[in-house]
Participant: 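Before anything else, here's the structure in question.
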Amino acid sequence: MHSAVLLIEFGSIILGLGLLGRFAARFRLSPIPLYLLAGLAFGEGGLLPLGASEEFVATGAEIGVILLLLMLGLEYTASDLVSNLKTHYPSGLVDCALNALPGAAVALLLGWGPVAAVVLAGVTWISSSGVIAKVLGDLGRVGNRETPVILSVLVLEDLAMAVYLPIVTALVAGVGLMAGSVTLAIALGAAGLVLFLALRYGRLISRFVSSDDPEKLLLVVLGLTILVAGVAQQLQVSAAVGAFLVGIALSGEVAEGAHTLLSPLRDLFAAVFFVFFGLHTDPSSIPPVLLPALALAVVTALTKIATGYWAARRAGISVKGRWRAGGALVARGEFSIVIAGLAVAAGIEPSLGPLATAYVLILVVLGPLTARYTEPVAMWWSGRREARRGTPEPAPRKTEAEAPVGD
């Protein structure tokens, strides 16, 4: 009987997620807020709390995080990461300062303590690579001159996750300074070793994993990823970091084949992850933190726009491209929830989960709008300022920075 209820509940969840995804695609929206709302509806204090399938959903959610980070690692090669780090690290530092500090400040102002401040700093810092990539594709801006700048900021954030996640894992686990330092040293050592091996022996690693049979390739890559993630978690590093490093180590045709095979699984389990996070957030706990979440969303939307503008200006992009770069970086999503989920699971601060949920819901909806309208609104406002000064605005002129696509 328990097995039948489990199948019915889990089947209903998957079916519901599929219908929500179709609804979001029809209106060209990100499905993430709908998945979070579904979790709120069927979780603690929701309309119809689930029972039998919760443990199964929890396991699926953990796999979802692992696959999200694996697929992220598959997007980059070790040489790409090293090149981006050397060239664009100032943009990464500005990004961290402008967007992490507001989250930390709000946590401290609310009296949540230093651990919650570090967690909320990460929630407000990391943009959603998935949402941003989809928005750029929908708007036809993949070939724009500012797009490499946007991707460079995202790559630096993803690389920073390999350092940040072990720190958060150690902090929320309540380990001492010595144990935390050991954990961070292991994480940094593992990341450095993987980058070295990928740069020097990447072809050999990919050849070992490679297979002409899609089934065997899928089993080897998935099994290796989950195994490494488990070992990383046993070392108190982070399962997500382990998965990310596996993705970086694979390159060429193997990475492309694994990406194609694993994309449907990633989408399935990532959706389950968002539902699981919503399941553990009581809807009644959101209204008390809605005002801080809204204020934080407004502030960090502006700081992300400033980040993109500064990074694009540094790269020599035109004014319009700078505004487009800033507007595109606003969306937060999967990794903000991953970071908040670590603190929620450890019971760090009861209000942190609801605030993170409300914050992500606001910015995952606002992000595509800022990507589309930041540049025209900025140009309109600039035109009004010029008109007030009584000087004619110069005629628009195509520059090399704006020429290829989407001007």
Side-chain angles (χ1 to χ4, degrees), residues 72-73 75-102 124-164 195 248 300-333 335 363 367-383 393-394 396-407:
L72 190 63
E75 295 286 345
Y76 313 119
T77 64
S79 57
D80 290 337
L81 290 177
V82 172
S83 174
N84 272 284
L85 189 59
K86 288 180 178 178
T87 307
H88 299 288
Y89 75 90
S91 300
L93 295 176
V94 169
D95 180 31
C96 177
L98 290 182
N99 297 287
L101 291 179
T124 59
W125 173 18
I126 306 296
S127 297
S128 171
S129 302
V131 173
I132 292 169
K134 185 176 187 307
V135 168
L136 291 176
D138 290 344
L139 296 177
R141 296 182 183 174
V142 175
N144 278 29
R145 283 286 303 277
E146 75 273 5
T147 298
V149 176
I150 297 169
L151 297 179
S152 296
V153 172
L154 296 176
V155 169
L156 289 170
E157 289 181 354
D158 299 336
L159 188 58
M161 288 276 283
V163 178
Y164 174 79
L195 286 175
I248 292 173
T300 54
L302 295 175
T303 54
K304 273 293 181 183
I305 291 173
T307 298
Y309 187 97
W310 188 88
R313 181 182 178 182
R314 182 174 178 270
I317 306 300
S318 68
V319 173
K320 288 186 177 182
R322 296 172 198 171
W323 288 116
R324 287 196 295 266
L329 286 170
V330 167
R332 310 306 201 275
F335 297 118
L363 286 186
L369 298 177
T370 59
R372 186 185 297 268
Y373 296 114
T374 296
E375 180 243 320
V377 169
M379 292 299 99
W380 170 80
W381 181 255
S382 177
E393 187 179 3
R397 180 169 59 90
K398 292 284 184 182
T399 65
E400 183 184 356
E402 295 175 74
V405 181
D407 203 27

Participant: Any donor and acceptor pair, going by atom type alone, linking the side chain of Arg141 with main-chain N or O of Ala371 inside 3.5 Å?
Facilitator: yes

Participant: Between Arg145 (side chain only) and Gly321 (backbone N and O only), is there a donor and an acceptor less than 3.5 Å apart?
Facilitator: no

Participant: When you check the side-chain N and O atoms of Asn99 and Thr303, is any donor under 3.5 Å from an acceptor?
Facilitator: yes

Participant: Rounded to the nearest 0.5 Å, what separates atom CG in Leu139 from atom OG1 in Thr147?
Facilitator: 10.0 Å

Participant: The criterion is side chain to side chain donor-acceptor pair (under 3.5 Å); which residues satisfy it with Thr370, sequence neighbours excluded?
Facilitator: none

Participant: Nearest 0.5 angstrom please: Cys96 SG to Trp125 CH2, how far?
Facilitator: 4.0 Å

Participant: Give me the atom names and distance for the closest heavy-atom approach of Ala301 to Val330.
Facilitator: O-CG2, 3.7 Å

Participant: Tell me, please, which residues at least two apart from Ala315 pass side-chain contact (heavy atoms from CB on, under 4.5 Å).
Facilitator: Val149, Ile317

Participant: Can you tell me how far CG of Leu136 sits from CG of Leu151, rounded to the nearest 0.5 angstrom?
Facilitator: 7.0 Å

Participant: Give me the atom names and distance for the closest heavy-atom approach of Val153 to Ser91.
Facilitator: CG2-CB, 4.5 Å

Participant: At what distance, to the nearest 0.5 angstrom, does CG of Leu302 lie from OG1 of Thr307?
Facilitator: 10.5 Å

Participant: To the nearest 0.5 Å, what is the distance between CZ on Arg332 and OG1 on Thr124?
Facilitator: 6.5 Å

Participant: Out of curiosity, Asn144 CG to Arg324 CZ, how far, rounded to the nearest 0.5 Å?
Facilitator: 5.0 Å

Participant: Between the side chains of Glu157 and Lys304, is the shortest nitrogen-to-carboxylate-oxygen separation below 4.0 Å, so that they form an ion pair?
Facilitator: yes

